[in-house]
Peer 1: 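Below are the structure tokens for one structure; questions will follow.
In the text below, chain A, chain B and the rest are named by the order of the sequence lines, each starting its count at 1.
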Amino acid sequence: MRSHLCGRLGAEQAGERVELCGWVHTRRDHGGVTFIDLRDTTGLVQVVFNPEISERSHEVAQDLRGEFCIKVVGEVRTRKAGTVNPNLGTGEVEVAAQEVEILSRAETPPFQVDGHQEVDEMLRLRYRYIDLRREEMQENLKLRHAIVSAIRRFFDAEGFLEIETPMLTRSTPEGARDYLVPSRSHPGTFYALPQSPQLFKQLFMVSGLDRYYQIVKCFRDEDLRADRQPEFTQLDLEMSFVDVEDVLDVTERMFKSVWKEALGVELADFTRLTYGESLQRFGTDKPDLRFGMELTDLSDVFAATEVKVFRGVLDAGGAIKGVTVPRQGALGRKDLDALVDQAKALGAGGLVWVGVEAETLRSPLDKFFTADERVALRKATDASDGDLILVVADKRVSVVNKVLAGLRTRLAERFDLIPKLDRSDPDAWRFAWIVDFPWFEWNDDEERWDFIHHPFTGIVGDTAQYLESDPGKVISKSYDITLNGWELASGSIRIHDREMQQRVFRALGISDEEAQEKFSFLLDAFKYGPPPHGGIAPGIDRIVALAAGQTNIREVIAFPKTQTAFDPLTGAPSQVDEAQLKVVHLRSTAPKP
RNA sequence: GCCCCAGUGGAGCAGUCUGGAGUGCUCAUCUCCCUGUCAAGGAGAAGGUCGCCGGUUCAAGUCCGGUCUGGGGCGCCA
């Protein structure tokens with residue numbers, strides 16, 4: 001139907017007769033002569049309808065409206081000096097229309113496609129097919145394709161096999177809430193959609209398939225966030241006869257290769273932080289390394305304090321930490337109160353602010369500080385005159401970290417301390433490995449040890465001795481990748497030794513029978529010579545969103561869902577009729593709408 | 001489950017604090033004018049359940065309570 005693509009036309013085609021298809025992006029009617037910008041997936045080109053060239057085409061052009069789908073036949077002409085449009089890739093040329101055909105007409109769209117104004121996201125999702133006409137969305141999806149195809153080329157070259165795993169599988173007891181699918185042929189039973197192909201990929205290793213990867217949908221029925229959708233895409237991979245360094249190596253090379261191919265950027269080697277160090281310095285295991293404002297431990301500064309809240313926290317074995325906000329020491333009372341409220345919203349009992357001035361400190365607690373404490377506080381935080389120190393104290397170290405980590409990123413955004421994204425700048429991409437996670441985490445509510453990663457996570461050799469005596473000291477062979485404050489990937493070397501696996505289950509308070517009941521097929525498989533193995537699973541949606549400079553993953557998913565897991569386009573989830581329910585042996589207990 | 005922000009012609013906003021006629025702006029739509037614009041321009045027109053329910057008031061887009069939807073976050077997410 002067409003001979004050329006709109007966005008690819010240039011001076012080289014001057015004089016050629018071309019056939020173009022696309023949508024009417026904009027129309028400028030001068031009465032005597034009419035211009036349109038014709039749009040296809042490659043871009044825009046100006047088409048001129050001049051009655052001196054074609055009376056008939058000029059007449060049809062009067063009828064054209066935005067988003068009409070048309071075909072134009074005409075001659076490519078270089079534009080006269082002064083009429084070149086430098087804002088358009090094809091601005092040096094235009095197409096003089098000889099023939100035009102309306103392929104299909106369009107109603108006035110619910111919002112404009114030109115991208116000049118933000119549109120309510122609900123509306124964009126309801127009319128996603130129109131939203132996806134916008135250049136920004138097409139660029140996002142093209143980048144997604146470039147990244148995914150670069151990933152496949154990389155793993156192909158490394159000798160990995162892409163193998164599919166079932167979507168209808170067994171519900172696993174731990175982890176996220178499952179999406180369930182009722183069985184018709186087995187009344188009262190359910191499949192679950194996979195939260196990840198974790199167990200299947202481990203079985204591939206038992207099978208000797210050695211190096212597996214898959215770009216695969218995963219499903220988790222949990223509440224949504226900017227970086228979380230109920231269905232999302234993982235790059236799942238697993239390798240045999242490897243230890244931690246092998247997985248880190250291949251994964252890091254993969255990311256470098258992808259950034260090179262998709263963005264043309266040579267990434268620096270990834271930073272490496274232990275979990276402990278990350279928490280200490282940034283209060284989180286997904287630190288944004290693009291700016292400073294590292295947390296300071298102030299327990300020593302206030303070791304002998306008489307300030308009641310601090311004294312109580314220290315005596316209870318808690319923590320006092322601070323974060324220094326550059327040049328905000330003179331912040332007004334209203335803003336400071338708002339910060340206190342933010343800290344409380346994040347879970348803190350309160351927030352102490354300290355404005356650092358040349359000779360003095362400005363703080364509600366200043367009168368309770370000793371001279372030594374004032375000096376030590378300045379020194380410990382390395383604060384300069386004019387800075388603002390925010391101090392959080394709590395008997396739970398985790399609360400202190402969470403609150404300060406939250407304030408750190410929010411304030412960095414608010415005060416523009418994060419460099420504006422330049423996607424071609426290698427420094428814009430602060431990848432980091434987070435390693436040496438603790439294996440266990442104390443669950444206060446249930447009063448037991450829980451796993452942090454999953455129950456098959458390997459253990460760093462000499463820490464296994466604490467499995468029974470002091471589980472908190474056991475370090476796992478798990479690792480995360482973080483990029484600019486987002487968790488991008490998570491993985492581990494797995495336990496392949498049955499005895500070790502049993503010790504771990506016991507430490508978790510899971511009996512042998514219970515373990516067998518829950519994970520029978522994996523444990524059975526491990527009777528038959530499982531190789532040492534491990535892997536990782538980076539999130540594709542997050543990778544693409546970050547690479548595209550987007551702040552939520554919906555922008556890089558063609559048909560995403562809203563925060564309540566609703567799809568405004570299809571109306572899913574929807575009611576089904578009684579007959580459908582009966583077939584799968586279900587009856588709804590939901591109130592009739 | 002909880003906290004915060006938003007909801008006003010088709011789209012994006014202002015108006016809400018401090019109640020007084022659906023007031024205004026930009027874009028789109030429709031009619032007319034216009035042969036070099038490029039987010040064209042000019043003249044005119046049409047288009048409204050101020051998310052929904054209730055309350056206060058002589059009077060509510062505006063105040064109060066509730067609720068729904070969207071977004072951000074906490075919890076949750078091995």
Peer 1: For A:Val247, check side-chain contact (heavy atoms from CB on, under 4.5 Å) against everything at least two apart and list the hits.
Peer 2: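 Only A:Met239, A:Val242, A:Thr251, A:Tyr479, A:Ile493, A:Ile536 meet the side-chain contact (heavy atoms from CB on, under 4.5 Å) criterion with A:Val247.
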Peer 1: Under the side-chain contact (heavy atoms from CB on, under 4.5 Å) rule, collect the residues that match up with A:Ala226, sequence neighbours excluded.
Peer 2: A:Asn552
Peer 1: Does the ring of A:Phe440 carry A:Arg448 above it, NZ/CZ under 6.0 angstrom from centre and within 45° of its axis?
Peer 2: no
Peer 1: Can you sort out which residues in residues 336-350 of chain A have a heavy atom within less than 4.0 Å of RNA chain B? Ascending by number, please.
Peer 2: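 The stretch gives none, as no residue of it lies under 4.0 Å from the strand.
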Peer 1: Apply side-chain contact (heavy atoms from CB on, under 4.5 Å) to A:Thr108 and list each qualifying residue two or more places apart in sequence or on a separate chain.
Peer 2: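 By the side-chain contact (heavy atoms from CB on, under 4.5 Å) rule, A:Thr108 matches no residue at all.
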Peer 1: Among B:rG75, B:rG72, B:rC77, find the nucleotide with the atom closest to the side chain of A:Arg225.
Peer 2: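 The answer is B:rG75, which lies nearest to the side chain.
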Peer 1: How does each nucleotide of nucleotides 40-48 of chain B score, in 5' to 3' order, for protein heavy atoms under 4.0 Å: base (B), sugar-phosphate only (S), or none (-)?
Peer 2: B--------
Peer 1: Strictly by salt bridge (Lys or Arg N to Asp or Glu O under 4.0 Å), give each pair with a member in residues 40-54 of chain A just once, sequence neighbours left out.
Peer 2: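 Salt bridge (Lys or Arg N to Asp or Glu O under 4.0 Å) check on residues 40-54 of chain A returns no pairs.
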Peer 1: Please work out which residues in residues 114-134 of chain A have a non-hydrogen atom less than 4.0 Å from an atom of RNA chain B and list them by number.
Peer 2: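 A:His116, A:Gln117, A:Glu118, A:Val119, A:Asp120, A:Glu121, A:Met122, A:Leu123, in order of number.
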Peer 1: Where the side chain of A:Arg228 is defined as all heavy atoms beyond and including C-beta, which of B:rC76, B:rA28, B:rU35 is the nearest nucleotide?
Peer 2: B:rC76
Peer 1: Taking ring pair (Phe, Tyr, Trp, His ring centres under 6.0 Å) as the test, write out the residues that go with A:Phe282, two or more places apart.
Peer 2: none
Peer 1: Taking the minimum atom-to-atom distance to the side chain of A:Ala176, which one of B:rG72, B:rG36, B:rC77 wins?
Peer 2: B:rC77
Peer 1: Indicate for each nucleotide in nucleotides 4-9 of chain B, in 5' to 3' sequence, whether protein heavy atoms under 4.0 Å reach the base (B), only the sugar-phosphate (S), or nothing (-).
Peer 2: ------
Peer 1: Assign A:Ile452 to base, sugar-phosphate, or nothing according to its heavy-atom contacts below 4.0 angstrom with the strands shown.
Peer 2: sugar-phosphate
Peer 1: Test of understanding: with side-chain contact (heavy atoms from CB on, under 4.5 Å), list the residues that count as partners of A:Val397, not counting sequence neighbours.
Peer 2: A:Ala319, A:Asn401
Peer 1: Residues in ring pair (Phe, Tyr, Trp, His ring centres under 6.0 Å) with A:Phe505, at least two apart?
Peer 2: A:Phe519
Peer 1: Nearest to the side chain of A:Gln112, which nucleotide is it out of B:rC27, B:rG71, B:rC77?
Peer 2: B:rC27
Peer 1: Which residues pass the ring pair (Phe, Tyr, Trp, His ring centres under 6.0 Å) test with A:His454, not counting sequence neighbours?
Peer 2: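 Result, ring pair (Phe, Tyr, Trp, His ring centres under 6.0 Å) vs A:His454: A:Phe456.
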Peer 1: Closest to the A:Lys402 side chain: B:rG10, B:rU35, B:rG75?
Peer 2: B:rG75
